[in-house]
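Here the structure is laid out as structure tokens; the discussion comes afterwards.
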Amino acid sequence: MDCDPAISPYDLLFQALALIPVSHYFLAAFFLFLVSLYNFLEIHFLHDLLTLFIGDPVTLTYNSCSDLGRSVAAKCKILQQRYLATPWLSSPHLQTAFLSFHGRPPPVTYRRHLFRAFDGGTIALDWLTYSDVVEGSSGVFDGSAARKGDKTPIVIVIPGLTSDSTAAYVKHIAFNMARHGWSVVVCNHRGLGGVSLTSDCCYNAGWTEDVRKIIDHLSCEYPEAPLYAVGTSIGANILVKYLGEDGANTPVVGAAAICSPWDLLVCDRFINRRPMQKVYDRVLTVGLQGYAQLHRSILSRLVNWEGVEKSSSLREFDNHATRILGKFETVDTFYRRSSSTNYVENVSVPLLCVSALDDPVCTSEAIPWDECRVNENIVLATTPHGGHLAFYEGITASGIWWVRAVNEFFGVLRTSPLIKRQKMQGSPVPKPLHTSIDHAPYLNVMGDGMVSAVGNEPRDALQEDTSNDHIIHSKKDEGTISDNGTSFELTDKLSSDEQIKQKVEKNVKELIFPVQRSIDKLSRRSRQSMWLLAYIAIVTTWPSVGSIIVSVLKKRFKTSIPGTLFRK
């Protein structure tokens with residue numbers, strides 16, 4: 001067939017394209033839109049479909065010499081199995097959005113107790129027990145949620161940024177733990193949970209003093225009940241930082257950190273990197289601005305209020321508010337000093353860390369893999385999918401995977417011989433060396449206009465709502481002993497002296513043991529270093545020293561040894 005050279009090939013192409021129905025173009029455009037949306041939302045439904053919905057394995061990272069890691073790997077069946085996300089939520093963004101807007105939380109009615117902090121601040125503690133779940137509660141705290149002599153373990157839940165006890169994931173963990181016989185107390189952040197700020201002190205990602213006071217208070221009020229803690233998102237960062245600061249001195253016997261940001265500086269870079277992450281950045285900023293608006297009467301005179309209202313990102317809000325309240329020089333300084341990754345190596349209690357590799361808020365780049373692997377008290381569980389705090393599973397998305405994992409982990413710890421609660425009654429618990437990171441981080445404006453730092457009070461300062469019943473009982477016991485007669489006074493005194501002596505010796509041994517262990521490690525490393533230095537010295541000096549030795553041997557044994565042995 002001959003073609004007319006006057007006809008352009010492009011004209012022929014356009015004529016052919018014009019013959020295709022318009023509906024086909026719409027179908028092609030819709031298909032391209034679906035492909036783009038599939039990639040943009042990071043949907044993994046096709047992957048789940050091709051793998052026949054068997055889910056992805058859970059990766060456990062722990063020290064190979066750790067008894068805790070081996071115990072968890074052997075007894076925690078949930079962590080050994082696979083995690084499969086809800087099929088119609090096969091995306092980290094869909095899971096996170098579903099958790100935020102709906103979440104399907106179980107019906108929960110808390111019992112509220114208001115805790116007065118050392119600086120006058122008010123913290124809402126919301127209790128939930130087995131009886132509350134089964135029988136229902138009146139919503140009024142009457143002291144029956146956890147009695148002083150009750151040995152029921154208490155789980156302390158620390159919510160995330162701008163979240164409180166009403167958040168869906170908090171209700172999931174509280175309901176699940178309470179249904180299995182645990183007493184749950186949600187430690188709301190200052191200014192949240194429907195409680196106003198009553199001091200110039202606010203919370204931030206590195207403020208651990210409130211958690212420390214709450215845990216010490218619960219330990220004193222319920223000495224027979226073992227304490228466990230669960231931190232979520234920013235609450236996980238606060239919890240891990242607290243555990244690292246206090247080390248073995250914390251009353252907590254087990255903990256779990258869910259979707260922790262770990263390194264706030266890395267997360268700050270990540271959340272401003274992609275368009276989708278910028279959406280989360282904006283949503284979190286709006287939430288913080290709403291928090292600031294609730295307490296405008298106090299915050300407006302402490303921070304740059306105009307900058308707070310105009311903030312379009314978390315970094316801008318932290319620059320105009322959090323940095324000033326925390327008395328940090330720059331925002332990066334606040335992020336570096338508040339990151340829990342700096343304290344991972346000092347964690348001395350069993351800690352389960354759960355993170356999703358596709359977390360759209362707390363990137364996997366910030367996970368301290370090596371630090372978690374070195375510490376024998378940490379088990380890190382990572383999943384390819386799960387979103388941020390979501391981890392929905394099942395066709396109806398009625399359950400959260402990490403909630404079941406934490407429940408099982410705490411159950412294993414509860415019956416494990418690895419947990420030994422050391423009670424040191426009659427002697428103060430030794431405190432770790434304090435750093436200046438969280439020392440007096442907040443500003444307090446006095447009536448005369450002077451600005452002073454809040455937080456310099458000693459940690460053993462008396463709290464307004466802390467019960468003094470144990471002091472009263474001890475005084476009563478002392479009075480009873482003194483009235484029993486002189487025949488028993490000497491015996492009681494000697495026995496008490498022996499008990500005190502034994503307790504002092506025990507405390508001294510407990511103090512010396514970690515120091516001795518550290519010295520042994522240093523000595524072993526020193527010996528290794530000495531041998532290494534000796535080896536390096538021999539290798540580097542052998543050319544000159546060897547030639548000298550050979551020349552000396554030649555002169556000394558020239559007559560008795562054949563000269564061929566000295567030839568090269």
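Taking the six-membered ring where the residue is Trp, Tyr203 and Tyr291 present perpendicular rings, their angle passing 60° and hence far from 30°. The aromatic rings of His172 and Tyr392 sit perpendicular to each other, their planes meeting at more than 60°, with 30° as the lower class boundary.
Glu316 and Ser312 share a side-chain donor-acceptor pair at under 3.5 Å. Between the side chains of His93 and Tyr280, at least one donor N or O sits under 3.5 Å from an acceptor N or O. Defined by atom type and a distance below 3.5 Å, a donor-acceptor pair is present between the side-chain atoms of Thr208 and Glu245. Thr382 and Ser355 share no donor-acceptor pair across their side chains, judged by distance under 3.5 Å alone. Thr322 and Asn204 share no donor-acceptor pair across their side chains, judged by distance under 3.5 Å alone. In this model, no donor atom of one side chain and acceptor atom of the other lie less than 3.5 Å apart for His295 and Ser196. Asn407 and Asn176 share a side-chain donor-acceptor pair at under 3.5 Å.
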Item checked: Tyr169 vs Ser163, side-chain hydrogen bond (donor to acceptor under 3.5 Å, both in side chains): CA-CA, chis, key distance, verdict -> CA-CA 10 Å; Tyr169 64 89; Ser163 295; 3.1 Å; yes
Checklist line | Full working for side-chain hydrogen bond (donor to acceptor under 3.5 Å, both in side chains) between Thr341 and Asp263 | finding: CA-CA 6 Å; Thr341 186; Asp263 193 322; 5.5 Å; no
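Ring-centre distance between Phe115 and His217: below the 6.0 Å cut-off. Here the two rings, on Trp127 and Tyr222, have centers that are under 6.0 Å apart. Between Tyr242 and Trp207, the distance from one ring center to the other does not fall under 6.0 angstrom.
Using a 4.0 Å cut-off between charged nitrogen and carboxylate oxygen, Arg190 and Asp119 count as a salt-bridge pair. Using a cut-off of 4.0 Å between Lys/Arg side-chain N and Asp/Glu carboxylate O, Asp332 and Arg315 are scored as salt-bridged. The pair Arg323-Glu329 does not meet the salt-bridge criterion, since no charged nitrogen lies less than 4.0 angstrom from a carboxylate oxygen. Ion pair Lys310/Glu306 flagged as a salt bridge, since at least one NZ, NE, NH1 or NH2 atom sits closer than 4.0 Å to an Asp/Glu carboxylate oxygen. Remark: Lys213 does not engage Asp216 in a salt bridge, criterion side-chain N to carboxylate O under 4.0 Å. Between Arg301 and Asp200 a salt bridge is recorded (basic side-chain N to carboxylate O distance below 4.0 Å).
Each of Arg111, Arg112, Arg179 was compared with Asp132 under the salt bridge (charged side-chain N to carboxylate O under 4.0 Å, His left out) criterion, and only Arg111 meets it.
Atom CZ of residue Arg116 and atom OG1 of residue Thr198 lie 5.0 Å apart, to the nearest 0.5 angstrom.
Relative to the ring axis of Trp182, Arg414 places its NZ or CZ within 45° and under 6.0 Å from the centre.
Shown here is Glu371, whose CD atom has more than 12 heavy atoms of other residues, nucleotides or ligands within 6.0 Å.
Proximity of a side-chain donor or acceptor of Asn377 to a complementary backbone N or O of Val347 within less than 3.5 Å is detected.
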